[in-house]
Trainee: 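Okay, handing you the structure first.
If you're wondering where the values come from, they're calculated on a predicted model, not measured in any experiment.
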Amino acid sequence: MTRFILDGAEVEARDGETIWDAAKRLGHVIPHLCHADRKGFEPDGNCRACVVAIDGERALAASCRRRPTEGMNVVTMGERVERARRMVFELLWADQPEGTHFRRMAETVGVNGSRFSGRGARAPDFSHPAMAVRLDACIHCTLCIRACRDVQGNDVIGMAHRGAHSRVVFDLDSPMGQSSCVGCGECVQACPTGALLPKSNQAPERSVESLCPYCGVGCQVTYQVAGGIIVGAEGRDGIANEQRLCVKGRFGFDYGRHRHRLTTPLIRKTGAPKEPLDPANPLTHFREASWDEALDFAAAGLRRQMNSDEPRSEARPTAAAPARRLRDSKLAGLGSAKGSNEEAYLFQKLVRTGFRTNNVDHCTRLCHASSVAALLEGIGSGAVTAPVAEVANAEVIVVIGANPSANHPVAASFIKNAVRKGATLVVIDPRGQALDRFATHSLRFKSGTDVALLNALLHVIVAEGLTDTDFVAARTTGFEQLAEHVMAYAPEVMAPVCGIAAETIRDVARLFAKARSAMILWGMGISQHSHGTDNSRCLIALAMLCGHVGKPGSGLHPLRGQNNVQGASDAGLIPMMLPDYKRVGEDEHRHRFEQAWGVELDPNPGLTVVEMMHAAQAGRLRAMYVMGENPAMSDPDLSHAREALASLDHLVVQDIFLTETAMLADVVLPAGIFAEKTGSFTNTDRHVQMGRQVLDPPGQARQDLWIIQELANRLGLDWHYDGPREVFAEMATLMPSLAGITWDRLEAEGGITTPAGKAILFDDRFPTADGKARLVTASGIAPAESVDADYPFILTTGRVLEHWHTGSMTRRSQVLDQLRPQAEITVNPDDLAGLGVADGGGLRMESRRGAITAAAKADPRLPRGLVFMAFCYAEAAANMLTNPVLDPVAKIPELKVSAVRLHAL
């Protein structure tokens, strides 16, 4: 603490505080323009609006940069200081248009006009779909530059020209909409004058603090509401985002009022065929119904299939008479990672107690099922061991099989910040990506050869004695078997297999092993393989051999793709797991849930989502209840998946739009969007946060929690939960991971990390029987499908920055769809030239399962022979082509490697 005098009173400044920081904390308001009071922004001191007088100094000092010293006498008021501030505001006033934030601020210091002439009006730039540029309001505070460069790490905005001609530019003075801007809007949130602002700059009537509905980062958001709609979004100072947002969180909030929004229950017309519908007239085969009729119809169809089974044992399981195997059910439920924890919990409870089956799954089966399987096997926990924010303390950061700049942009910004402060980044991915320019090593290996590369890294660490011997001895088992296994994977042997030079493999292995701390972050490029569990086993072994778990800046982090995939998994939306990852076959845990729920539970694992499709087509599964998921777009080999869904006797779909899956339904129940409900959500960091209702559902749409309960009661379950608070209370009694967390705490604190508030886990032991991690060998070194003369290219699928999952939400957001309106097949330029196709020309892509057509997009970051396509475009659904072969452990399909051929159109 530093003692100094502030406006005549002795005060104390904390370590690192500037005069401005200390004054604000003590309630002294010092005007400011170029200073942003938030993390990531370094004070610049160029506007001089925050000047103060210091005894003994002739010049006034910028309080945002000056740190107090012992005994310093600071005056923030007085004629000299206030005259200087007024001059600053008056000079800047000359160029300000009417109605800006700056003018309102100027009036607070007594300036309401200027004696000076301005530079004259400049033409505004409206080239970007979401943001407007009005440089006549710019005061050169550089906050937009610092927001773009220092916070988001995008380096799009800079200053050009000199003196009175200097101005803010995008790239090399391009219009904003034609620049490399990624639309995060950080500059808009930072701008104090309105020089950068949202195009739809409508004044809000109220604001609500909630969360972003998209990826697993879990950004906290303040929504601005006017006239019953959301008109703006700003980042809050959440633990995961520190006020940052990406383009989806900032501008993708309007989908809920799209003209396609479902507002009335629908029942399929008698005799209407189940087939993809005409987008121009999607309701052709449906009729509107009341809620009572639709719910009765939905429940009746489900009961028919339940009653068609042989009688089940109603005997309560006891120690003397254990539970018997229940008959394979003809019913299944597919829940949603977009819903709240409470909705996920009630959904799986409905399937297990109402349908009397464990046939319940959700999108984790298509994203991180193999990661969870390997983590549970290796360390006894399927969650991340450390949050994304720990990259700030990491000496080495490994990003493998993930493209955070597109899929988790706010997380990517923290990685960029860490590199700029000295961390070393290694990117390992077949495709090039935006993070490559921050990376010391970028390993673009052959798609599907992950195990070959990772085992080669393990070989180097073992062979060169680079292991953390104390950690391995005290905290792991299976080292001898692993060490012997990886001896066959020398870098010189694996280099031709994976396409990475042996010396590069050795350099990266040494870098990782010798680091004091290291983080591994991975995505679906690791998990969506027929050997996805093996891929994750290798990553776990890498961290364990080097002791990079359980300490600051270290850990294993599979980046979650949907906003609540972690919470939905925790809550039991998994066919082989009860809530908190208790296996359905473990009597002790199953009996605890049976006693709480008052029903006998099936001790046998249920079907995963892809297995459900196979069972439906084979006639073993006859009815499904799908909430908020779209397997008719997200499953592999879509022709098969759609045929399977169409073959069901009864399909109930609960959603916000008539998705490709809902088009095949017998009854469609219109649900509420994220902003129309209150509930808890768990982000990728295991942080449970409160999402608050912002709007009322339109028309007859209802909240998911209400719909689940109404359907449950029609199936005889007699549920009477008075909202999410009561559901959460029940969850907390059955889930040890929620110990100590109450609804009141969540509302008061906004978010709490599980378990027990610990951000970094396993500093002393792992949640296994012996407290040690298990090192498991991995052998799969090739994908299930390889190129040949007929199919010479490899297709890998994924997401793009502007769209999310199957596109049902983002493609109905005006800004997001304007930014990325059409499907593209991304190909190396040399490959395109060989096909005789120009950038933007038409391509037909075929696999052994189907064919699609789309525009070609040249991308030199792709190696020759590799093709990328996003799976969010219904008109060119990439999953028509993907391979349904499953990982034998996690039952996840190989969406990342499919052999294809390309033809010019």
Side-chain angles (χ1 to χ4, degrees), residues 368-386 454-455 458 461-462 465-487 513 517-520 532-552 554-558 566 569-570 572 574 576-593 603 605 686 734-739 753-779 888-890:
H368 271 302
S370 52
S371 304
V372 172
L375 287 165
L376 287 169
E377 170 192 66
I379 64 175
S381 168
V384 303
T385 71
L454 295 173
N455 271 346
L458 290 168
I461 292 169
V462 172
L466 300 177
T467 60
D468 183 334
T469 53
D470 291 341
F471 185 95
V472 170
R475 304 285 308 277
T476 72
T477 63
F479 173 73
E480 291 77 13
Q481 295 90 331
L482 180 73
E484 180 181 359
H485 175 76
V486 299
M487 285 303 100
S517 58
M519 287 276 291
I520 303 176
T533 304
D534 272 346
N535 291 347
S536 299
R537 286 166 172 161
C538 290
L539 296 180
I540 294 166
L542 271 174
M544 298 302 152
L545 289 189
C546 304
H548 291 323
V549 173
K551 60 185 181 182
S554 298
L556 294 158
H557 193 117
Q566 181 66 58
S569 299
D570 295 346
I574 304 177
M576 64 289 296
M577 302 283 185
L578 293 162
D580 258 3
Y581 306 97
K582 306 304 182 186
R583 294 193 178 275
V584 297
E586 294 178 355
D587 291 349
E588 176 188 353
H589 299 304
R590 188 180 68 258
H591 292 171
R592 185 161 60 87
F593 283 94
R686 297 178 277 105
L734 292 169
M735 298 173 61
S737 65
L738 299 179
T753 300
T754 62
K758 292 188 69 172
I760 300 174
L761 299 180
F762 316 134
D763 53 344
D764 56 352
R765 61 176 284 120
F766 295 99
T768 57
D770 59 4
K772 296 183 178 183
R774 181 186 174 202
L775 301 174
V776 183
T777 60
S779 301
V889 177

Trainee: Drop me the distance from His557's NE2 to Thr385's OG1, to the nearest 0.5 angstrom.
Mentor: 9.0 Å
Trainee: Does any non-hydrogen side-chain atom of Cys538 lie less than 4.5 Å from one of Asn455?
Mentor: yes
Trainee: Can you tell me if Glu586 has over 12 outside heavy atoms packed within less than 6.0 Å of its CD?
Mentor: yes
Trainee: For a quick test of reading the model, state the closest non-hydrogen atom pair linking Gly550 to Ile760 and the distance between them.
Mentor: C-CG2, 3.8 Å
Trainee: Looking at CG of Asp570 and CE of Met735, how far apart are the two atoms once the value is rounded to the nearest 0.5 Å?
Mentor: 5.5 Å
Trainee: So which atom in Arg590 and which in Val584 form the shortest heavy-atom distance, rounded to 0.1 Å?
Mentor: NH1-O, 2.9 Å
Trainee: Look up atom CZ in Arg592 and atom CG in Asp580, then write down how far apart they are to the nearest 0.5 Å.
Mentor: 8.0 Å
Trainee: Roughly how far, to the nearest 0.5 Å, is CD1 of Ile520 from CD1 of Ile540?
Mentor: 9.5 Å
Trainee: Find the distance between CG (Leu466) and CG (Leu458) and round it off to the nearest 0.5 Å.
Mentor: 11.5 Å
Trainee: Quick one: closest heavy-atom pair of Ala773 and Ile379, and the distance?
Mentor: CB-CG2, 4.0 Å
Trainee: Is His548 close to Leu542 at the side-chain level, that is, under 4.5 Å between some pair of heavy atoms?
Mentor: no
Trainee: Any side-chain heavy atom of Ser381 within less than 4.5 Å of one from Tyr581?
Mentor: no
Trainee: Keeping Arg686 on the side-chain end and Lys758 on the backbone end, is there a donor-acceptor pair under 3.5 Å?
Mentor: yes
Trainee: Could you pull out the closest heavy-atom pair between Val384 and Leu761, with the gap in Å?
Mentor: O-CD1, 3.9 Å
Trainee: Phe766 and Lys772: which non-hydrogen atoms are nearest, and at how many Å?
Mentor: CD1-C, 3.9 Å
Trainee: Do Leu454 and Arg537 make a side-chain contact, defined as non-hydrogen atoms from C-beta onward lying under 4.5 Å apart?
Mentor: no
Trainee: Show your working on side chain to side chain contact (heavy atoms under 4.5 Å, CB included) between Cys546 and Ile461 and close with a plain yes or no.
Mentor: CA-CA 8 Å; Cys546 304; Ile461 292 169; 3.8 Å; yes
Trainee: Side chains of Leu376 and Met577, heavy atoms from C-beta outward: is any pair under 4.5 Å?
Mentor: yes
Trainee: Begin from the C-alpha positions of Leu775 and Met544 and carry the test side chain to side chain contact (heavy atoms under 4.5 Å, CB included) through to its verdict.
Mentor: CA-CA 8 Å; Leu775 301 174; Met544 298 302 152; 3.6 Å; yes
Trainee: For a 4.5 angstrom cut-off between non-hydrogen side-chain atoms, does Arg583 reach His589?
Mentor: no
Trainee: When you measure from the side chain of Ser554 to the backbone of Ala518, do you find a donor-acceptor pair of N or O atoms at a distance under 3.5 Å?
Mentor: yes
Trainee: With heavy-atom distances below 4.5 Å as the criterion, would you say the side chains of Pro579 and Leu734 are in contact?
Mentor: no
Trainee: Do the side chains of Phe479 and Leu545 get nearer than 4.5 Å, heavy atoms only?
Mentor: yes
Trainee: For Val462 and Ala483, work out which heavy atoms get closest and say how close.
Mentor: CG1-CB, 3.7 Å
Trainee: Side chain to side chain contact (heavy atoms under 4.5 Å, CB included) for Leu375 and Ser536? Distances and angles first, verdict last.
Mentor: CA-CA 8 Å; Leu375 287 165; Ser536 299; over 6 Å; no
